[in-house]
Undergrad: 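Can you keep this structure in mind? I'll have questions shortly.
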Amino acid sequence: MDKNFETEAIRIQTERSQFLEHSTPLFLTSSFVFEDAEDMRMSFAEEKERNIYSRFSNPNTLELVDKMVALEGAEAGYAFATGMAAIYSTFAALLNAGDHILSCNAVFGSTHALFTKYFPKWNIQTTYFKIDQVKDIEQLIQPNTKILYAESPTNPGVDILDLTLLSKIAKKHCLILIIDNCFATPYLQKPIQFGADLVIHSATKLIDGQGRVLGGITVGKSDLIHEIYLFSRNTGPAMSPFNAWILSKSLETLAVRVDRHCQNALAVAKYLEPHKKIERVKYPFLKSHPQYKIAKKQMHLGGNIIAFEIKGGLEAGKQFLNNLNLCSISANLGDTRTIVTHPASSTHSKLSEKERLETGINDGIVRVSVGLEHIKDIIKDIAQALK
Ligand SMILES: *Cc1c(COP(=O)(O)O)cnc(C)c1O
């Protein structure tokens, strides 16, 4: 990357129309015309790079991909309708029946559903490892293991996985290392620098940052992305040009937004930590976080997600949610508005109790996605709800 993060996020512009507008126009077209028959043949034969049809590519999705490729330090990428479309398509493009996935057990609820409910239909099995088993995962690698998968920070436990260690293991055993970088964004953490082969995002979260569009993106090694592109071009999970236009615009302010998100989150975490009604607080940049050192090594700031446990378990947690006046009760995260969720009864309710406890989600855990309201107002609302 020649330019600094903020500059790339603002200055990469792929297309202008004949009107020479300063910001990128929206290209709402399903298809593109060819100069002549030879132009069409060459385009379909991939002898020439150009837009053919918006399911394959579009100037707006290409601009978003170009930005994310630059920001993550990747070679190539593809944009999807949602984060789950990115995750599903990435796996489906790269795996064959009989292949095996090794994954951290603390994954997004729908990713867990892919691994346990849908992939087994095609004889693709997943073995989970726990956060505290990371050093011993080599024992879990099988001859047919193809992908090593993890989120860091994890959802909703905000645990941190050592990306350098995962990448060493992946390289040694020729596995494809895929990291869901949704909670960190490329502004806080660039998994490719630590050796990841592919990085996946739900752009719905901090990348949009205002809770208004859905999107997903996979970036990484160009040979792998080419497989993912061919799969997606034929199966149709593409991002809409409108969403790409919004998300490309959102990236222009990612650094300033995430800076403030992290500043607010650290203040909320520091407020909660000594509070007498709080059992424990987990935030990557609090010294008490079990993987604080790794977080400091691989992340630039601590992110905007805090997990905490209120004394009194499930009932106390529900009471806290019901007492909030300002903060929203919602399942989204990474919005300008502070959002509070109770994972055990919502996003992770499909997991069995045993699976939930193994991923550190006991009934009292509350997850806060700290927003961009004034910090005094956020803390005031949390303080009165705890009372
Ligand atoms: C939200 C989320 C997803 C799924 O993204 P969608 O855009 O909702 O499909 C995947 N991974 C993580 C970590 C998420 O938070």
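When a ligand or atom number is given, it counts from 1 through the structure's own listing order.
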Undergrad: Enumerate the pairs of nitrogen or oxygen atoms, one from ligand 1 and one from the protein, separated by less than 3.5 angstrom; state names and distance to 0.1 Å.
TA:
unit_1: ligand 1; atom_1: 5 (O); unit_2: Ser202; atom_2: OG; d: 3.0
unit_1: ligand 1; atom_1: 7 (O); unit_2: Gly83; atom_2: N; d: 2.8
unit_1: ligand 1; atom_1: 7 (O); unit_2: Ser202; atom_2: OG; d: 2.8
unit_1: ligand 1; atom_1: 7 (O); unit_2: Thr204; atom_2: OG1; d: 2.6
unit_1: ligand 1; atom_1: 9 (O); unit_2: Gly83; atom_2: N; d: 3.1
unit_1: ligand 1; atom_1: 9 (O); unit_2: Met84; atom_2: N; d: 2.8
unit_1: ligand 1; atom_1: 11 (N); unit_2: Asp180; atom_2: OD2; d: 2.7
unit_1: ligand 1; atom_1: 15 (O); unit_2: Lys205; atom_2: NZ; d: 2.7

Undergrad: Please list all pairs meeting side chain to side chain donor-acceptor pair (under 3.5 Å) that have one or both residues in residues 73-87, counting only residues at least two apart or in different chains.
TA: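 For residues 73-87: Glu75-Ser222.
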
Undergrad: Could you tell me whether a side-chain N or O of Glu373 sits under 3.5 Å from a main-chain N or O of Thr338, the two making a donor and an acceptor?
TA: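 Confirmed, Glu373 side chain pairs with Thr338 backbone.
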
Undergrad: Under 3.5 Å, sequence neighbours excluded: what are the donor-acceptor pairs made by side chains of residues 194-205?
TA:
unit_1: Asp197; atom_1: OD1; unit_2: Lys221; atom_2: NZ; d: 2.4
unit_1: Asp197; atom_1: OD2; unit_2: Leu177; atom_2: N; d: 2.8
unit_1: His201; atom_1: NE2; unit_2: Glu72; atom_2: OE2; d: 2.6
unit_1: Ser202; atom_1: OG; unit_2: Thr204; atom_2: OG1; d: 3.3
unit_1: Thr204; atom_1: OG1; unit_2: Gly215; atom_2: N; d: 3.1
unit_1: Thr204; atom_1: OG1; unit_2: Gly215; atom_2: O; d: 3.2

Undergrad: Under 30°, 30 to 60°, or over 60°: which ring-plane class applies to His300 and Tyr187, parallel, tilted or perpendicular?
TA: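 Rings of His300 and Tyr187: perpendicular, over 60°.
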
Undergrad: Which pairs of donor and acceptor atoms, one on a side chain in residues 306-319, lie under 3.5 Å apart (sequence neighbours left out)?
TA:
unit_1: Glu309; atom_1: OE1; unit_2: Arg280; atom_2: NE; d: 2.8
unit_1: Glu309; atom_1: OE1; unit_2: Arg280; atom_2: NH2; d: 3.2
unit_1: Glu309; atom_1: OE1; unit_2: Asn362; atom_2: ND2; d: 3.4
unit_1: Glu309; atom_1: OE2; unit_2: Asn362; atom_2: ND2; d: 3.4
unit_1: Lys311; atom_1: NZ; unit_2: Lys276; atom_2: O; d: 2.8

Undergrad: Give a yes-or-no answer on whether the side chains of Asn323 and Gln384 include a donor-acceptor pair shorter than 3.5 Å.
TA: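 No, no side-chain donor-acceptor pair sits under 3.5 Å.
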
